[in-house]
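Below you'll find the structure, written out as structure tokens, and then a few comments.
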Amino acid sequence: MATFSSHPDLPEILENLLEDDVHTLFLKADCPPRTKAGGIGNLRLADVEGADDGGWDTLRLESLQEEILTLVDENRDRSDCFLEIDRKGCQVIQLGDLRISCAWPPFADAREITIVRPVAKLSLGDYEIDPKLISRLSDHHRGVFICGRPGSGKTTLAQAIAEYLDEDVGAMVKTMEAPRDLQLANRITQYAPLEGDLEKTAEIIFLVRPDFVIFDEVRRARDFEIFADVRLAGVGLLGVTHANSALEAIQRLIGKVELGLVSQVLDTILHVESGQIQQILELRMTVKPPSGMQEELARPVIEVVEFPSGKVTHEMFAFGSEIAVVPVDGVSSRNGVSPVAALARDQLVKKIRDWVGVSCGVKITGTNSAEIYAPKGVVSTLIGKGGENIRDLQDELGGMKLSVSSFAEMPDDVHVPVEDHYETLERRARDSKAWEYSKRGRKSKRRKR
């Protein structure tokens with residue numbers, strides 16, 4: 001396993017460029033070397049003074065890459081020196097605590113070498129963490145996300161949690177990484193994608209019976225699905241993902257996992273900035289009416305709760321054909337409409353447009369009521385025989401009371417959404433095709449013949 005600040009001696013020119021506070025070294029043909037230096041969350045990109053000797057051409061970088069590959073062969077006795085990825089136009093090399101990415105045409109427009117190394121290794125005790133969170137993490141049968149921007153310290157925190165669970169809690173910890181660059185104790189096994197597929201890695205992980213798995217770099221839709229599969233199998237799981245906020249990390253999971261399973265897959269989200277935990281959220285499943293809806297319209301609702309205060313900040317629930325994520329702190333939208341009411345308005349406009357083929361205006365007239373303004377010719381269609389159609393819409397929108405009027409009665413402050421021309425043509429083509437292949441359409445054709 002890679003050990004912090006330990007690697008075979010690099011060619012002298014590279015060692016000179018990798019000063020103590022350098023996190024990343026960028027080398028590209030016909031460009032001066034650049035570095036990112038500083039502490040976690042405070043990295044600065046700058047040209048290396050005095051290093052632009054005019055000799056950073058393609059041949060020099062190719063020679064450096066060959067020397068690095070030679071070091072891998074010479075250090076085959078070390079478990080932290082290996083060729084991680086070898087593809088046409090790209091190689092990723094792990095050399096001790098260094099991750100070295102090499103790219104060349106046709107994959108890149110010019111040959112380049114990027115060397116990344118950790119600038120800090122911390123333990124969980126180095127963070128200012130509430131004892132309640134440490135107790136929560138000690139229960140390693142959980143689904144946890146660590147999220148943040150690149151360079152914010154996500155991986156450093158993941159390493160600290162992994163070693164805490166291994167050393168202090170006594171849990172069997174494994175990792176799934178692509179590439180494998182976490183700096184962990186030797187007894188924590190790090191797995192790469194098996195035959196290029198992390199799903200196959202997950203199948204093997206079940207056989208070695210870990211208590212907790214670190215899933216580094218959860219990015220693609222398939223990664224979130226694998227995360228859910230491993231978690232639902234009963235294994236504790238910590239995923240590292242890129243997101244601007246804890247709420248965005250939750251939203252990235254929505255759609256990949258059924259709503260009713262979200263809180264079982266993920267129950268704790270840690271948002272990291274500048275190497276510190278800035279926000280902690282937990283997810284709780286309950287059955288109740290969403291805020292702003294009538295009592296008889298109770299449904300499964302996932303509450304997003306601040307930890308450890310217990311304050312509910314958002315609710316997630318099925319609303320029509322979509323999953324709604326709305327704040328519950330009482331803050332109104334720009335037009336003085338509650339988030340649930342604004343969601344109902346947008347959903348109502350969309351449903352009517354899909355149903356009758358025209359856009360309409362909607363005005364929220366109360367906490368649980370709205371007025372629909374439509375062309376005179378479709379008013380009766382919207383209402384339906386004995387009000388049947390409008391009642392169905394009311395039920396689908398959580399019991400919101402609806403009334404229908406014509407455009408002639410529409411106030412000046414209500415606007416009809418403008419349809420995209422190509423979207424209109426596509427919908428009309430789809431609707432006409434559906435009619436052609438429906439039973440009613442075929443009967444009409446037979447009568448004509």
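Atoms considered below: every heavy atom in the structure, side chains included; atoms not considered: hydrogens, waters and symmetry mates.
Side-chain atoms of I277 and L133, non-hydrogen and from C-beta on, do get closer than 4.5 Å to each other. Inter-residue side-chain proximity for P300 and M285 is flagged as met; some heavy-atom pair is nearer than 4.5 Å. Using a 4.5 Å heavy-atom cutoff, the side chains of I161 and L270 are in contact. In this structure, I100 and Q91 have side chains that are not in contact, with every pair of non-hydrogen atoms separated by 4.5 Å or more. Residues I226 and M176 are in side-chain contact: their nearest non-hydrogen atoms beyond the backbone lie under 4.5 Å apart. Side-chain contact between I214 and L237 is absent, with no heavy atoms from C-beta onward closer than 4.5 Å. For the pair I390 and I372, the minimum side-chain heavy-atom distance is below 4.5 Å. A 4.5 Å side-chain heavy-atom check between F317 and V326 finds at least one atom pair inside the cut-off.
Counting only distance, with no hydrogens or angles, the side chain of T241 and the backbone of V218 share a donor-acceptor pair below 3.5 Å. Remark: the backbone N or O of L182 is paired with a side-chain donor or acceptor of Q190 at under 3.5 angstrom. Listed for the T313 side chain is a donor-acceptor partner under 3.5 Å among the backbone atoms of V304. Judged purely by atom type and a 3.5 angstrom limit, R299 uses its side chain to pair as donor or acceptor with the backbone of A318. A distance-only check finds no donor-acceptor pair linking the side chain of Q94 to the backbone of E84 [under 3.5 Å]. Panel note: side chain N389, backbone T381; a donor-acceptor pair is recorded below 3.5 Å. Proximity of a side-chain donor or acceptor of S135 to a complementary backbone N or O of P131 within less than 3.5 Å is not detected. The closest donor-acceptor contact from the side chain of D223 to the backbone of R220 lies under 3.5 Å. Panel note: side chain T201, backbone A192; a donor-acceptor pair is recorded below 3.5 Å.
At most 12 non-hydrogen atoms from other residues, nucleotides or ligands lie less than 6.0 angstrom from CE of M172.
In this structure, S152 and V272 approach most closely via the heavy-atom pair O-CG1, 3.3 Å. For S359 against R353, the heavy-atom pair with the smallest separation is OG-CD, 3.5 Å. Of all non-hydrogen atoms in C360 and V349, the two that sit nearest each other are O-CG2, 4.1 Å. Taking every heavy atom of both residues into account, G361 and V416 meet most closely at N-CG2, 4.0 Å. Counting all heavy atoms, side chain and backbone alike, L122 lies closest to Y127 at CD1-OH, 3.7 Å. When all heavy atoms of A370 and T365 are compared, the pair lying nearest together is N-OG1, 3.6 Å.
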Practice problem: Take I205 and F215, measure what side chain to side chain contact (heavy atoms under 4.5 Å, CB included) needs, and give me the verdict at the end. | Solution: CA-CA 12 Å; I205 277 185; F215 191 163; over 6 Å; no

Self-check item: CA sep, side-chain torsions, deciding dist, call: F212, D166, side chain to side chain contact (heavy atoms under 4.5 Å, CB included)
Solution: CA-CA 9 Å; F212 201 81; D166 173 67; over 6 Å; no

Quiz item: Going through the distances and angles, do H23 and V116 end up as a side chain to side chain contact (heavy atoms under 4.5 Å, CB included)?
Solution: CA-CA 6 Å; H23 175 273; V116 180; 3.8 Å; yes

Quiz item: Can you check side chain to side chain contact (heavy atoms under 4.5 Å, CB included) on I113 and C102, steps first, answer last?
Solution: CA-CA 5 Å; I113 298 175; C102 306; 4.2 Å; yes

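Among residues at least two apart or in separate chains, ring pair (Phe, Tyr, Trp, His ring centres under 6.0 Å) pairs with a member in residues 226-271 are F145-F227. Sequence neighbours left out, the pairs with a member in residues 145-161 that pass salt bridge (Lys or Arg N to Asp or Glu O under 4.0 Å) are R149-E273. Listed by first and then second residue, the salt bridge (Lys or Arg N to Asp or Glu O under 4.0 Å) pairs involving residues 371-391 amount to none (not counting sequence neighbours).
In this view, K200 and E195 satisfy the side-chain hydrogen bond (donor to acceptor under 3.5 Å, both in side chains) rule, not counting sequence neighbours. Scanning for side-chain hydrogen bond (donor to acceptor under 3.5 Å, both in side chains) contacts around K28 gives D109, with sequence neighbours left out. Residues meeting the side-chain hydrogen bond (donor to acceptor under 3.5 Å, both in side chains) test with E303, sequence neighbours left out: K288. With sequence neighbours left out, R284 forms a salt bridge (charged side-chain N to carboxylate O under 4.0 Å, His left out) with E282. For E225, the salt bridge (charged side-chain N to carboxylate O under 4.0 Å, His left out) partners two or more places apart in sequence, or in a different chain, are R222. For E217, the salt bridge (charged side-chain N to carboxylate O under 4.0 Å, His left out) partners are R219, not counting sequence neighbours. K363 is linked by a salt bridge (charged side-chain N to carboxylate O under 4.0 Å, His left out) to D413, counting only residues two or more places apart in sequence or in another chain. Every residue two or more places apart in sequence or in another chain that forms a side-chain hydrogen bond (donor to acceptor under 3.5 Å, both in side chains) with T175 is listed here: E177.
To the nearest 0.5 Å, atom CG of residue L83 and atom CG of residue L95 are 11.0 Å apart. For the atom pair L238 CG and L165 CG, the distance stands at 8.5 Å (nearest 0.5 Å). In this structure, I115 CD1 and S101 OG are separated by 9.5 Å, a value rounded to the nearest 0.5 Å. Taking OG1 of T155 as the start and CG of D216 as the end, the distance is 4.5 Å to the nearest 0.5 Å. Atoms OG and CZ, from S6 and R117 in turn, are 12.0 Å apart once rounded to the nearest 0.5 Å. Distance check: L283 CG to I250 CD1 gives 4.5 Å after rounding to the nearest 0.5 Å.
For R78 and D80, the salt-bridge test passes: some basic side-chain N is under 4.0 Å from an acidic carboxylate O.
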Output side-chain donor-acceptor pairs under 3.5 Å for residues 255-269, partner residues at least two apart or in another chain, one line each.
unit_1: K256; atom_1: NZ; unit_2: R252; atom_2: O; d: 2.8
unit_1: T268; atom_1: OG1; unit_2: R136; atom_2: NE; d: 2.7
unit_1: T268; atom_1: OG1; unit_2: R136; atom_2: NH2; d: 3.3

